[in-house]
Amino acid sequence: MASPTRLGTLEMGIESTFGTETGSYAYTLETEVPGITFAQEIFERDAIKNNFHSLQPSIGSRAGAEITLKFPMHGLSSTIPTGGSWPSSNADSVLMKALLGGVQAGAHLTGADAEDTALTSTASTLYFGPGLSNVPCGSMVTCTGASAKVTSWTSITDGTVDNNATMLFPMEGAPADGSDIWIAETCFLSTAQPDSFSLRFKPNDTNLGLQFLGAVPYKATITLDPGGVATMDVTFWCGDVEATSGAMATSQPSAPIFPAAVRNQGARATEDASGTEIDLASLTINIEGTVTPIVSHNAAEKVKSVLVTDRVVTMETAIVAETGWTLTVPTSGKIMAIRIGTTPGSMLGILMPSAHEYELTSPSDTDGLWSQTRTFKAGRFTGDSAASGGDATDTPFRIAFG
C-alpha cells in the first residue's frame, strides 16, 4: 500500500502593507509539504591572505525566497446558498484573484427576485425580475432546470424593461419557472496588481514552522483531468522568510473539495457558441505572471513592493484522435468552457472565450490510443455587451467559484 501524502497546515492573511505581517490569518489550507527555496544575498570578500582560507562574507537581503503549495481546490460552501445570501471568499478564490488580477462578486437571487424566470426563458436567454442589477455580464450563472441545474456564462445583459441576459452558449435546458439564480464569484484576467500575503506553514509533526512575508502568488497550475479532483499548485515570490515556533494550527478548511470531474457530478466541457461538447483526455491550466521587485534603501530586505508586469494563461489538453488529426493551426478561436459540480456553492467554472492555438503538435500515446496535445492561449475577446454592468465583461480568461 502506498504511503499517505504528508500534509501540513498553512495559514494565510492579506497584508495591508507589503512585507508587514498581517493582523489576521483569515484563511487556512491543508497542503502537501511545500517546495521551498530560500534566498540570501552573500557578498564574498576578496582580500590578501597568507593561507588557504576564505574570509567571512557580508550578508545581504533575504528577498526572493519562493514557496510552492499543492492542494485540492475547494468550493465556497458545503450547502446551497439560500435567502439571498452568498458565501464569503475562501483561500482558493482569494489566491485566484491575486493571480489573475480581478474579481466579480457572487450573488444569490431568490425566486421572488427572479420571479419572471422561465416565463419566456430559453436555454440561450434568461429572463428575470427586479434583480437585474445583480446579474452582471461575464459571470457564470446557474439556474434550476426542469430536472437538474443548468449553467452558462452571461454574455449580453439587456438593462431594459425585458430584463434579460443572453448566454455565451446554451445551457443544458431552459430554467424552470420561478427558479432561483446563483451568480458565481468570478475571478478574471486583468492588469490590476495583486495583494501580498503573510504565510505561516507548520508541518504536522513539529511545532517549528516558517513565516513568509510579502508573499505574492505569481504562478499556478490547475490540473483537472476527467474523473479527477481539481488540484492547484501555486508559487509565491516572497520578500522575507523567518523561522517561527509555537503550537500548530489545528483548524481544518471548512470549505468542501470540488467533486470529481465526471458527468454524474456535473462535469461538462464545451468548445463553441453552440455548446458543442468536447472530449478531453486531460486538462491543465497554467497561469504565469512576471514579477518585478521595486527596491529601496528604506525597505527591511531591500524590496518595498512587487509589481506584476505580465500575465499569460495557457490551457493544455490532450484530445484522442477519434475523428482525425489536426494538421494546421486553426485560424479562429474557440470558446473553451469547463464546469464541474451541480450544487451551487460547490461548483467550478473555467472559461477561455477566445482560445487560440499557437502550435501544432505531433501525435502521442494516451493509454494506447493516438492523441494530440492542444495548447490554447487566452486571446482578446470582445463578444460581451454589458448594459447592466459587469467588471468581467470581455475579459479573456475567467475562473468562477459558484
Show me the side-chain donor-acceptor pairs of residues 63-70 shorter than 3.5 Å, one per line, residues at least two apart or across chains.
{"from": "Glu66", "atom 1": "OE1", "to": "Tyr218", "atom 2": "OH", "distance (Å)": "3.4"}
{"from": "Glu66", "atom 1": "OE2", "to": "Tyr218", "atom 2": "OH", "distance (Å)": "2.7"}
{"from": "Thr68", "atom 1": "OG1", "to": "Thr235", "atom 2": "OG1", "distance (Å)": "2.8"}

Checking Thr31, Leu29, Leu99 against Val234 for side chain to side chain contact (heavy atoms under 4.5 Å, CB included), the one that qualifies is Leu99
Assess whether side-chain contact (heavy atoms from CB on, under 4.5 Å) is satisfied between Trp182 and Thr144, documenting all intermediate values. CA-CA 9 Å; Trp182 294 272; Thr144 301; 3.6 Å; yes
Take Thr154 and Val135 through the test side-chain contact (heavy atoms from CB on, under 4.5 Å) and record every step on the way to the result. CA-CA 8 Å; Thr154 55; Val135 185; 4.1 Å; yes
Answer yes or no on whether Arg200 is positioned over the face of Tyr25, meaning its NZ or CZ is under 6.0 Å from the six-membered ring centre and within 45° of the axis. yes
In Å and rounded to the nearest 0.5 Å, what is the CD1 to CD1 distance from Ile338 to Ile340? 10.5 Å
What's the separation between atom CG in Leu280 and atom OG1 in Thr317, rounded to the nearest 0.5 Å? 5.5 Å
Measure centre to centre between the rings of Trp86 and His108, then say whether the value is under 6.0 Å. no
Check ion pair Arg311-Glu288 (N to O, under 4.0 angstrom): no
For Asn90 and His74, does a side-chain donor sit closer than 3.5 Å to a side-chain acceptor? no
Side chain to side chain donor-acceptor pair (under 3.5 Å) with Ser89: which residues, sequence neighbours excluded? Glu185
Is the side chain of Thr125 donor-acceptor paired with the backbone N or O of Thr122 at a distance under 3.5 Å, no angle test? no
Sub-4.5 Å side-chain heavy-atom contact between Met12 and Leu95: yes
Do Pro136 and Ile183 come close enough that some side-chain heavy atom pair is under 4.5 Å? yes
Assess the residue pair Ile319 and Gln372 against the criterion (side-chain contact (heavy atoms from CB on, under 4.5 Å)); give the C-alpha distance rounded to whole Å, side-chain angles, the decisive distance to 0.1 Å, and a yes or no. CA-CA 6 Å; Ile319 300 177; Gln372 276 183 290; 5.8 Å; no
Listing, residues 224-231 side-chain donor-acceptor contacts under 3.5 Å, not counting sequence neighbours, or none:
{"from": "Asp225", "atom 1": "OD1", "to": "Leu283", "atom 2": "N", "distance (Å)": "3.0"}

Considering only heavy atoms from C-beta outward, does the side chain of Arg268 approach that of Thr270 to under 4.5 Å? yes
Can you tell me how far apart CG (Leu210) and OG1 (Thr244) are? Round to the nearest 0.5 Å. 6.5 Å
Side chain to side chain donor-acceptor pair (under 3.5 Å) with Lys302: which residues, sequence neighbours excluded? Glu41
Side chain Ser198, main chain Thr22, donor-acceptor under 3.5 Å: yes
Taking all non-hydrogen atoms of both residues into account, name the closest pair between Ala176 and Gly145 and its distance. CB-O, 3.7 Å
Quick one: are Lys304 and Phe18 in side-chain contact, heavy atoms under 4.5 Å? no
Return the orientation label for the His356 and Tyr358 ring planes: parallel under 30°, perpendicular over 60°, tilted otherwise. perpendicular
May I have the step-by-step check of salt bridge (charged side-chain N to carboxylate O under 4.0 Å, His left out) for Arg374 and Glu271, ending in yes or no? CA-CA 13 Å; Arg374 309 278 291 277; Glu271 64 171 347; over 6 Å; no
Do Leu213 and Glu15 touch side chain to side chain, with heavy atoms closer than 4.5 Å? yes
So, Glu277 and Arg263, do they make that salt bridge, N to O below 4.0 Å? yes
So how far is it from Asp240 CG to Arg62 CZ, rounded to the nearest 0.5 Å? 4.0 Å
Are Leu109 and Asp180 packed together at the side-chain level, in the sense that at least one heavy-atom pair is separated by less than 4.5 angstrom? no
Report the C-alpha distance between Phe381 and Leu168 in whole Å, list the side-chain angles of each, state the deciding distance to 0.1 Å, and finish with yes or no for side-chain contact (heavy atoms from CB on, under 4.5 Å). CA-CA 12 Å; Phe381 182 67; Leu168 183 61; 3.9 Å; yes
Contact check, side chains of Met96 and Phe401, non-hydrogen atoms, under 4.5 Å: yes
Of all heavy-atom pairs linking Ala184 and Gly402, the shortest is CB-CA, 3.5 Å
I'd like to know if the side chain of Asp195 and the backbone of Ala98 have a donor-acceptor N/O pair within less than 3.5 Å. no
Short question: side chain of Ser346, backbone of Phe258 - any donor-acceptor pair under 3.5 Å? no
Test side chain to side chain donor-acceptor pair (under 3.5 Å) applied to Thr342 - qualifying residues, sequence neighbours left out: none
Which distance, rounded to the nearest 0.5 Å, do you find between the OG of Ser139 and the CG of Leu351? 11.0 Å
Any side-chain heavy atom of Val320 sitting closer than 4.5 Å to one from Trp370? no
Between Phe236 and Phe197, how do the two ring planes meet: parallel, tilted or perpendicular, split at 30° and 60°? perpendicular
Is there a donor-acceptor pair under 3.5 Å between the side chain of Ser274 and the backbone N or O of Thr276? no
Salt bridge check: are Asp384 and Arg398 linked by an N-O gap of less than 4.0 Å? yes
Using modelled atom types only, decide if a donor and an acceptor are shared between the side chain of Ser121 and the backbone of Tyr127 within a distance under 3.5 Å. yes
Taking every non-hydrogen atom, the tightest pair across Pro396 and Leu189: CG-CD2, 3.6 Å
Lys377 with Glu316: basic N within carboxylate O range, under 4.0 Å: no
Residue pair Thr151, Thr142: steps toward the side-chain hydrogen bond (donor to acceptor under 3.5 Å, both in side chains) verdict: CA-CA 4 Å; Thr151 302; Thr142 301; 3.2 Å; yes
To the nearest 0.5 Å, what is the distance between CH2 on Trp153 and CD1 on Ile335? 12.5 Å
Sequence neighbours excluded, the answer for side chain to side chain donor-acceptor pair (under 3.5 Å) partners of Asp233 is none
Check whether any side-chain N or O of Gln211 sits under 3.5 Å from a backbone N or O of Glu242 as a donor-acceptor pair, and report yes or no. no
